[in-house]
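FYI, side chains are in, hydrogens and waters are out, and symmetry mates aren't considered; it's all heavy atoms of this structure. Since the structure is predicted, the reported quantities are computational estimates derived from the model, not experimental observations.
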Amino acid sequence: MPNNHRNASRGVRNRNRTLSEETVQIAGMTVTIMRKPIKNMYLRIKPPNAQIVISTPSRMSQAAIARFVTERKSWIEQAQRAMLQARDQQIHEGNNPSDPHSFTWNDATRKRAVQTINAQLPVLLAKWSPIIGREPTHITLRAMTSRWGSCTPKTGRIRLNLQLGLMDPRFLEYVLVHEMTHLWENGHGEGFQRRMSAYLPQWRQLRRELNRHVVL
């Protein structure tokens with residue numbers, strides 16, 4: 001791999017390194033703060049318990065973090081409610097996508113999947129658009145029978161499998177990064193693989209794990 005790609009890959013790994021972690025109360029909410037060697041703050045709502053996680057530059061002040069969270073309190077609470085409701089509904093229905101023999105798509109599962117993906121997409125796009133250097137013009141969610149996502153580079157449109165909203169969130173992140181990389185590279189050749197390795201060094205492992213799941 002050329003030096004510039006090795007350096008890019010090393011830079012991504014460094015950004016993912018946690019320097020310290022603490023849990024604090026901000027605006028009546030429990031927030032986990034993870035300080036990393038990054039330049040911007042990122043917000044995630046993590047399933048299954050709708051945990052609030054802030055990734056922040058190592059020297060960011062507590063006041064700035066509190067302001068960042070407080071300004072987004074309304075959105076955070078809405079995303080948490082949607083995630084917890086989806087989790088509780090899945091438990092109640094017993095409609096588990098991990099068991100393809102018993103799972104069926106219905107209005108409730110579709111709604112749950114859409115809510116979960118829509119709660120995560122803004123944060124993921126804010127994180128990855130600056131790293132990748134391009135962003136989709138439009139994202140469509142749909143139930144697919146043979147793939148996890150697709151991209152039309154000419155128009156910048158990306159389609160994501162609705163099933164990703166019922167799965168571990170790291171798979172949604174992987175598929176989104178994969179499809180956004182196609183905004184640079186049409187196929188899956190050497191150029192695509194170099195970019196994926198720079199953006200998401202563990203992408204091959206994620207691909208193997210995702211492909212163990214049945215597309216419903």
Item to check | Partner of His178 under side-chain hydrogen bond (donor to acceptor under 3.5 Å, both in side chains), chosen from Arg207, His188, Glu173 | outcome: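 Among Arg207, His188, Glu173, the one that satisfies the side-chain hydrogen bond (donor to acceptor under 3.5 Å, both in side chains) with His178 is His188.
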ILVMFWY cluster, [X] and [Y] together (side-chain gap under 4.5 Å):
X: Trp184; Y: Ile139; result: yes
X: Trp203; Y: Leu125; result: yes
X: Trp75; Y: Ile54; result: yes
X: Trp148; Y: Trp105; result: yes
X: Val53; Y: Leu176; result: no

Between [Y] and [X], do the side chains contain a donor N or O and an acceptor N or O under 3.5 Å apart?
X: Arg159; Y: Ser150; value: yes
X: Arg208; Y: Gln205; value: yes
X: Gln51; Y: Arg44; value: no

Item to check | Residue Arg142 excluded, over 12 heavy atoms near CZ under 6.0 Å | outcome: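 No.
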Checklist entry - In this structure, are over 12 heavy atoms from other groups packed under 6.0 Å from Asp107 atom CG? => result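 Atom CG in Asp107 is not crowded, with 12 or fewer foreign heavy atoms closer than 6.0 Å.
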Next on the checklist: Taking the side chain as everything from C-beta on, heavy atoms only, tell me whether Leu124 gets closer than 4.5 Å to Leu172.
Outcome noted: yes
Is a side-chain N or O of [X] found less than 3.5 angstrom from the main chain of [Y], in a donor-acceptor match?
X: Arg72; Y: Phe68; answer: yes
X: Glu135; Y: Ser129; answer: no
X: Lys127; Y: Tyr42; answer: no
X: Asn161; Y: Leu164; answer: no
X: Thr152; Y: Thr155; answer: no

Checklist entry - Roughly how far, to the nearest 0.5 Å, is CZ of Arg112 from CG of Leu162? => result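 The distance works out to 10.5 Å.
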Checklist outcome for this item: The residue among Val177, Leu183, Thr181, Val175 that forms side chain to side chain contact (heavy atoms under 4.5 Å, CB included) with Glu179 is Val175
Checklist entry - Under the side-chain hydrogen bond (donor to acceptor under 3.5 Å, both in side chains) criterion, do Glu22 and Thr32 qualify, and how do the steps go? => result CA-CA 6 Å; Glu22 62 177 329; Thr32 298; over 6 Å; no
Next on the checklist: When you measure from the centre of the six-membered ring of Phe192, is the NZ or CZ of Arg194 closer than 6.0 Å and no more than 45° off the axis?
Outcome noted: no
Item to check | Candidate pair Arg35 and Glu21, rule salt bridge (charged side-chain N to carboxylate O under 4.0 Å, His left out), full reasoning | outcome: CA-CA 6 Å; Arg35 294 187 180 274; Glu21 180 175 333; over 6 Å; no
Next on the checklist: Between Arg170 and Glu209, does the salt bridge (charged side-chain N to carboxylate O under 4.0 Å, His left out) criterion hold? Intermediate values first, please.
Outcome noted: CA-CA 10 Å; Arg170 63 204 173 100; Glu209 292 180 22; 2.6 Å; yes
